[in-house]
J.: 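Mind looking over this structure? Questions follow.
Proteins get letters first, then strands, A, B, ... in listed order; numbering begins at 1 in each.
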2 protein chains.
Amino acid sequence: MGSKTTLKDLARILEVSISTVSKALNDNPEISIETRNRIKQIAKSYKYVPNNIAQSLKSKSTKTIGVIIPAILLEFFSKVLYGIEVESTKRGYKIIICLSNELYKKESESIDTFINGSVDGIILSVAEETQKKKKHSHFQKIINYDVPMVMFDRVAKEIECDKVTVDDFEGAQKATKYLFKTGCENIVFINPISNISVGQLREDGYINAMQDLQLSPCVVNVDNYNLIEKELTELLQNKKIDGIVTADEYSAVLAINVARLNGYKIPDDISVIGFTNGLMAEYSIPSLTVVSQHAENIGKLAVKTLLDRIEGKSRKEPVHQIVRTKIIERNSTKKLN
Amino acid sequence: MGSKTTLKDLARILEVSISTVSKALNDNPEISIETRNRIKQIAKSYKYVPNNIAQSLKSKSTKTIGVIIPAILLEFFSKVLYGIEVESTKRGYKIIICLSNELYKKESESIDTFINGSVDGIILSVAEETQKKKKHSHFQKIINYDVPMVMFDRVAKEIECDKVTVDDFEGAQKATKYLFKTGCENIVFINPISNISVGQLREDGYINAMQDLQLSPCVVNVDNYNLIEKELTELLQNKKIDGIVTADEYSAVLAINVARLNGYKIPDDISVIGFTNGLMAEYSIPSLTVVSQHAENIGKLAVKTLLDRIEGKSRKEPVHQIVRTKIIERNSTKKLN
DNA sequence: TTGAAAGCGCTAACAT
DNA sequence: ATGTTAGCGCTTTCAA
């Protein structure tokens, strides 16, 4: 098992040239069928495996894509990642993952590890800090280095690249109107992620829907989950509320708990609808009606878009694709009947 | 931005040799400080970035590690992955991820994508199907190709390599004895993963503890989560039960629900303790007492072990490290007082 | 049908 | 202090 048989080794053993071996193993018809077989057999018996790095250097294609996500413990991202992996593998690509942990610095460093030729393209979702500070020169760098890139979910609008997002605006609209249809009129919106693009879009969608419905919007922005209990309790004491839409999943679960602590029944007194269809939504009691973003599909679509771009199947201009959300009805909202 | 400046380009522009440029950029003192600066400046203005693939080919080191996990939607694995990413990044390594989706074939293919020189080492946890069918020639291949490997959590005992596991046996023992201390005597064990190594170990730990306590064990093996409701309901009707230990997290949540549907109060009538400290445990009602495996630490430890091996800091013989579990007390069990 | 040679981009031992 | 050369392992054009 002395390590790594190379073409050179095989050539020496077989007493032919390196190029003959290479051609034979690649089934090049230039080489006679007998020699091909002889060479293949020896290659096999020596457990020859072509060195992928050398191939990449030669071909200038690594068949791998770099993925940068803000967090992997957020279920949404791990679902997207699942979609990315499935689709990449299907198309013969590997994936290298970097986590930005929501930090600009880590995101920027991850980009540096990717623009040195180690990947053929990049899929990323913007870190919270980056969006807060509105930085994007590091993204521009990717463009400047001609590395194909697809942004998903949290995107930087200043950057010209392919994008895959969710119709967050419309999703929140739908959620709000859904509550209205089940009889709610005093609907509040809880937003713990107003500083990231999707949080803002969801808030806007809610406000828009409320205006459409001739109702007055009421938005609760919180920096921090700990504040939800206090803010919501206060609100419940000062205001009639019969519906709550939240910009994420966790807030919805918290909202349910807070409402119950204040003596309200869910969904009889108050209906709650959250964003993101994850485990929490499924296992909370009552189970949570949510706006699902089809995370897995987003991942797959991002890969398709990127690979089409890499393989030159796309039009020149960047495309922005929007995945439609869908309401998953569970028990935290009244039935539509 | 015509793509990719190379050393050659810089050499031409600067009218020096390629090696001079290379040395200058690597701060080689052979090169005079003035030339170094001049070269660095030009390199910068041309946005030169060394090609990582070429460097890898030359150095025979990719600074990346390959990770193969059975699933990413299982929170345990995404937590381990988080630990892996954090530790790798800290030590200057990238990670390539493949998912086996619990399938032998995909696992085997993933191994093939890794033994061609694209990674310096492999971290993996064995797919369910692989464990069921007791296959391991593909793992042996990794060894034969001299690729350093660390197995974590679900390991193949036939393969001689570094391993990081959880003391599943002891964890289940502790859980069982914990229930006993809170007053339970009729404790059953629900096992939906008896076909994978850790499931078996947990079952054995439970049985051992019961015997120690002079109680008679009662194990419910299920192939499928759907069966839990039926099996447990039946059991509850025929047998006095005051404690349930499960081999995973989800079964515990189901067990709670089934017990409640049958009119039992948790934890007053029945205490429930699960394995894996995830979201479900935190958000179930009542919140679930669990045996935590310190997933993140497992990931970090796996990386440390692998890199120490790669960098030649380990003894020759494979080491098997065991991470101790810990009981996280929540509300599905009676207090120890 | 086979082989020689160049080159992918880089590093480094060895001249100069 | 700088340059020449060889070579990492592979592919591929061109020559024999």
J.: Return the value, rounded to whole Å, for the distance between atom CG of B/Asn52 and atom C1' of C/dC8.
T.: 14 Å
J.: Let me know the distance between CD1 of B/Ile31 and P of C/dA12, rounded to the nearest Å.
T.: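 That distance rounds to 13 Å.
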J.: Who are the salt bridge (Lys or Arg N to Asp or Glu O under 4.0 Å) partners of A/Arg38, not counting sequence neighbours?
T.: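 Here no residue qualifies.
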J.: Are any non-hydrogen side-chain atoms of A/Gln293 and A/Phe76 less than 4.5 angstrom apart?
T.: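 The answer is yes, as the side chains (C-beta and beyond) meet within the 4.5 Å cut-off.
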J.: Under 4.0 Å between a side-chain N or O of A/Ser17 and OP1 or OP2 of C/dG3?
T.: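 Yes, such a contact exists.
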J.: Output all residues satisfying salt bridge (Lys or Arg N to Asp or Glu O under 4.0 Å) with B/Glu317, sequence neighbours left out; order by chain, then residue number.
T.: B/Arg315
J.: Which residues satisfy the ring pair (Phe, Tyr, Trp, His ring centres under 6.0 Å) test with A/His294, sequence neighbours excluded?
T.: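 None.
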J.: Using the salt bridge (Lys or Arg N to Asp or Glu O under 4.0 Å) criterion, which residues pair with B/Lys163? Sequence neighbours excluded.
T.: none
J.: Roughly how many Å is it from CG in B/Leu57 to P in D/dA6, rounded to a whole number?
T.: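 Rounding to the nearest Å, CG of B/Leu57 and P of D/dA6 are 18 Å apart.
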J.: B/Arg38 has an atom CZ; how far is it from atom P of D/dT2, in whole Å?
T.: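 That distance rounds to 8 Å.
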J.: Rounding to an integer number of Å, can you tell me how far A/Arg12 CZ sits from D/dC10 P?
T.: 13 Å
J.: Look at the side chain of B/Asp120 and the backbone N and O of B/Thr62, then say whether any donor-acceptor pair between them is shorter than 3.5 Å.
T.: yes
J.: Are B/Thr35 and D/dT2 close enough that a side-chain N or O sits under 4.0 Å from OP1 or OP2?
T.: yes
J.: Rounded to the nearest angstrom, tell me the gap between atom CD in B/Glu15 and atom C1' in D/dG3.
T.: 15 Å
J.: Report each atom pair, protein N/O against N/O of nucleotides 12-16 of chain D, whose distance is under 3.5 angstrom.
T.:
from   : atom 1 : to      : atom 2 : distance (Å)
D/dT13 : O4     : A/Lys23 : NZ     : 3.2

J.: Over the length of the helix from C/dT1-D/dA16 to C/dT16-D/dA1, how much do the five-pair end axes diverge, rounded to 10 degrees?
T.: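 About 60° separates the two local helix axes.
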J.: Taking for each residue the nucleotide of DNA chain D bearing the nearest heavy atom, is the 5' side occupied by A/Thr6 or by B/Pro29?
T.: B/Pro29
J.: Going by side-chain hydrogen bond (donor to acceptor under 3.5 Å, both in side chains), name the residues that satisfy it together with B/His320, two or more places apart in sequence or in a different chain.
T.: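 With neighbours one apart ignored, the set is B/Thr165.
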J.: Look at the side chain of A/Leu7 and decide which nucleotide, out of C/dG9, D/dA1, D/dC10, has an atom nearest to it.
T.: D/dC10
J.: Atom CD1 of B/Ile53 to atom P of C/dT11: distance rounded to whole Å?
T.: 14 Å
J.: Could you pull out all residues at least two apart from B/Ala43 that satisfy side chain to side chain contact (heavy atoms under 4.5 Å, CB included)?
T.: B/Leu10, B/Leu25, B/Tyr48
J.: Sorted by first residue and then second, give each salt bridge (Lys or Arg N to Asp or Glu O under 4.0 Å) pair with at least one member in residues 65-88 of chain A; sequence neighbours left out.
T.: A/Glu85-B/Lys106, A/Glu87-A/Lys90
J.: Would you say a side-chain N or O of A/Gln55 is under 4.0 Å from OP1 or OP2 of D/dG9?
T.: no
J.: Starting at CD of B/Glu34 and ending at C1' of D/dT2, how long is that distance when rounded to a whole Å?
T.: 13 Å
